[in-house]
Enquirer: 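Following this message is one structure expressed as structure tokens.
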Amino acid sequence: MDPIDIGLWLSGLLVVLVIMGVRVAFAAAFIGFMGLVAIFGQKYGLEKGFLVAVKMAGTVPHSKATTYALSLIPTFILIGYLAYYAGLTKALFEAAKRWVGWLPGGLGVATVFATAGFAAVSGASVATSAVFARIAIPEMLKLGYDKKFAAGVVAAGGTLASLIPPSAILVIYAIIVEESVGALLLAGFLPGLVSALIYGGLVIFMAKTRKDLGPPVTGFTWMERFETLPGAFPILFVVFIIIFCIYGGWGTPTEAGALGGFVVLLMAFWKGMKWGNLKDALLETAKLTVMIFTIIWGVLLYVRFLGFADLPGVFEVWIAGLDQPPIVTLLMILAAYAILGMFMDAIGMLLLTLPVVFPAVMALGYDPIWFGIIVVKMAELCLITPPIGLNCFVVAGVRSDISVQDVFKGASPFFVADAVTIGVLIAFPQIVLWLPSLILG
């Protein structure tokens, strides 16, 4: 059997395994190893082919996972958990509540903007959803908000951490396609803001059309509003440190993340964080980091198999040869991502597909930074899409009184908001490219 046929058959088997519920990391590692055995077995004989595959299975994940840029991921995740234990998230939510709570569905709008603010110091969507499930949902339920609505807002708001720097998934995209981490982090700012505004607009629209979703929060004086600003300044300070360090030429993104983490740690101790809280923050960071790296290790083996099977090159030639406008092909690819998102987590999906899809999209003439933001925004859908939307499971796990089915129902209107956001970014690519071109040239 020819290597391309082996690649196609085993890739189809991988999809079946993922749909059956096998974890992406283990399914990809298994298929990748079997594919390498098949290809090298044909070339050198089964015994020697097996030994070559075993050697590659041991060296490829280690050599790639020790990439310096990947050390950025745990630092960004740690910043988010330390900010929570430092009380910065409560202060941020209180500020958002007093400033925008008067709008229809005010606490929902406040949650969206507070999650966007927290996303600026947290690299993980899951961490953002877990934090605000503890902070925002009790406040909304206390004022009589619909629990599905409250849970859906938190789950969807958490996805903003995928776009707004520092974002772990943008870092992973940059490493996969060998683009600038700094440029991608900058490119995520404005699309993240646009996405937050569209989410906020959706919450207002829903609250105006359905009065039972939740009331506005009124009665705050201007003095009470301004009193909350000092509590939100530490978030802005940490964001400034990270940006200044990266783009002022003072350090790498990894060094900026480490410095940001150190500053938040000092803030947390100043705010009275106990050693037990520090232990929890470190453990949660370690758990999430290990989950991400396990996916990376497993998928890298599959990606190496794809390279030997030459599937990326074949797919690139096929895509470039299609007799249709490039935008139609792009929309078909995005639709495929939306379907895959129902069965795979965001990081696993990007790791599996980008080695094949990225060269083809570049052959169509699209900008790699712009496509990175588009595909990461599509990946956000994975976090709130049934049946495995991770953010929804996290919210349901934190709030035992809300079922995961209710969280999925509450998050479903935000699919429309995400579709609108993607449409805006496709129609106006300068929203993505303006800031990187302004600062980096």
Side-chain angles (χ1 to χ4, degrees), residues 76-103 105-143 145 150 153-154 157-158 160-161 164-166 189 192-193 196 199-200 203 216-243 257 259-274 276-278 280-281 284-285 395 398-399:
F76 282 176
I77 295 172
L78 180 61
I79 289 174
Y81 280 112
L82 288 176
Y84 168 66
Y85 286 110
L88 301 184
T89 49
K90 288 184 179 178
L92 195 63
F93 179 72
E94 185 62 28
K97 180 175 78 173
R98 296 190 186 187
W99 281 92
V100 301
W102 57 273
L103 293 166
L107 282 187
V109 180
T111 299
V112 168
F113 289 126
T115 53
F118 181 67
V121 293
S122 171
S125 296
V126 172
T128 304
S129 294
V131 165
F132 280 90
R134 294 182 176 97
I135 295 172
I137 291 179
E139 291 277 340
M140 286 191 270
L141 296 184
K142 195 186 301 180
L143 289 180
Y145 275 65
V153 169
V154 170
L160 295 172
I164 299 175
F189 266 110
L193 179 59
Y199 276 4
V203 170
V217 182
T218 57
F220 293 113
T221 65
W222 283 104
M223 181 61 71
E224 288 172 327
R225 288 172 178 159
F226 281 107
E227 284 174 353
T228 62
L229 294 183
F233 284 153
I235 295 279
L236 299 177
F237 180 60
V238 174
V239 173
F240 172 77
I241 287 176
I242 293 173
I243 292 175
L259 180 60
F262 178 69
V263 170
V264 176
L265 178 63
L266 294 180
M267 291 179 183
F269 280 130
W270 181 63
K271 292 272 190 179
M273 183 180 72
K274 302 291 190 294
N277 296 140
L278 177 59
D280 291 340
E284 291 299 325
T285 300
V395 171
V398 172
R399 298 291 309 187

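No hydrogens, no waters, no symmetry mates; every other heavy atom, side chains included, goes into these values. When a residue number appears, it is its place in the shown sequence, counting from 1.
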Enquirer: Taking the side chain as everything from C-beta on, heavy atoms only, tell me whether Val264 gets closer than 4.5 Å to Val121.
Expert: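 Counting from C-beta outward, Val264 and Val121 never come under 4.5 Å.
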Enquirer: For Trp102, does its backbone N or O pair with a side-chain atom of Thr218 as donor and acceptor, under 3.5 Å?
Expert: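 Absent.
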Enquirer: Please name the pair of heavy atoms, one in Ala119 and one in Ala161, separated by the smallest distance, quoted to 0.1 Å.
Expert: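 That would be CB-CA, 3.5 Å.
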Enquirer: Counting only N and O atoms by type, is there a donor-acceptor contact under 3.5 Å from the side chain of Ser129 to the main-chain atoms of Val126?
Expert: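 A pair under 3.5 Å: no.
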Enquirer: With heavy-atom distances below 4.5 Å as the criterion, would you say the side chains of Leu278 and Leu265 are in contact?
Expert: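 With C-beta onward as the side chain, the pair touches.
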Enquirer: Contact between Met273 and Leu82 at the side-chain level, heavy atoms closer than 4.5 Å - yes or no?
Expert: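 Yes, close enough: below the 4.5 Å cut-off.
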Enquirer: Are the side chains of Tyr84 and Phe132 in contact, using a 4.5 Å heavy-atom criterion?
Expert: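 Not touching, per the 4.5 Å side-chain cut-off.
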Enquirer: Please report the shortest heavy-atom distance between Ala133 and Pro138, naming the atom on each side.
Expert: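 Here Ala133 and Pro138 meet closest at O-CD, 3.6 Å.
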Enquirer: What is the minimum heavy-atom distance between Gly106 and Tyr145, and which atoms define it?
Expert: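 Distance-wise, the nearest heavy atoms are N-OH, 3.3 Å.
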Enquirer: Minimum heavy-atom separation for Pro234 and Gly231, please, with both atom names.
Expert: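 Scanning both residues, the minimum pair turns out to be CD-O, 3.4 Å.
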Enquirer: Do Leu259 and Ile242 make a side-chain contact, defined as non-hydrogen atoms from C-beta onward lying under 4.5 Å apart?
Expert: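 Not in contact.
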Enquirer: Please check if the number of heavy atoms outside Phe262 that lie under 6.0 Å from its CZ is greater than 12.
Expert: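 No - once you tally the heavy atoms of other residues, nucleotides and ligands closer than 6.0 Å, there are 12 at most.
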Enquirer: Rounded to the nearest 0.5 Å, what separation is found between the CZ atom of Phe269 and the CG atom of Asn277?
Expert: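 The CG atom of Asn277 is 9.5 Å from CZ of Phe269, to the nearest 0.5 Å.
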Enquirer: Where is the tightest heavy-atom contact between Met267 and Phe237, given as atom of each residue plus distance?
Expert: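 Distance-wise, the nearest heavy atoms are CE-CD2, 3.6 Å.
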Enquirer: So does Phe220 have more than 12 non-hydrogen atoms from other groups sitting under 6.0 Å from CZ?
Expert: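 Enclosed: over 12 neighbouring heavy atoms sit under 6.0 Å from CZ of Phe220.
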Enquirer: Go through the steps for Glu94 and Arg98 under the test salt bridge (charged side-chain N to carboxylate O under 4.0 Å, His left out), then give the verdict.
Expert: CA-CA 6 Å; Glu94 185 62 28; Arg98 296 190 186 187; 2.8 Å; yes
Enquirer: Contact between Val112 and Val100 at the side-chain level, heavy atoms closer than 4.5 Å - yes or no?
Expert: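 Of all side-chain heavy-atom pairs linking Val100 with Val112, none is under 4.5 Å.
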Enquirer: Closest approach of Ala281 and Leu78, non-hydrogen atoms and distance?
Expert: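 Taking Ala281 first and Leu78 second, the nearest heavy atoms are O-CD1, 4.2 Å.
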Enquirer: Measuring from Thr285:OG1 to Tyr81:OH, what's the distance to the nearest 0.5 Å?
Expert: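 Answer rounded to 0.5 Å: 6.5 Å.
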Enquirer: Taking atom CG of Leu236 and atom CG of Leu92, what is their separation to the nearest 0.5 Å?
Expert: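 Output value for this atom pair is 8.5 Å.
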Enquirer: Working to the nearest 0.5 angstrom, can you tell me the gap between Trp222 CH2 and Trp99 CH2?
Expert: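 It is 5.0 Å, given to the nearest 0.5 Å.
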Enquirer: Can you tell if the side chain of Leu160 reaches within under 4.5 Å of the side chain of Thr128, non-hydrogen atoms only?
Expert: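 No, their side chains stay 4.5 Å or more apart.
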Enquirer: Quick one: OG1 on Thr221 to CZ on Phe226, what's the gap to the nearest 0.5 Å?
Expert: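 Between atom OG1 of Thr221 and atom CZ of Phe226 there are 10.0 Å.
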Enquirer: Quick one: are Val154 and Arg399 in side-chain contact, heavy atoms under 4.5 Å?
Expert: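 No, every pair of side-chain atoms sits at 4.5 Å or beyond.
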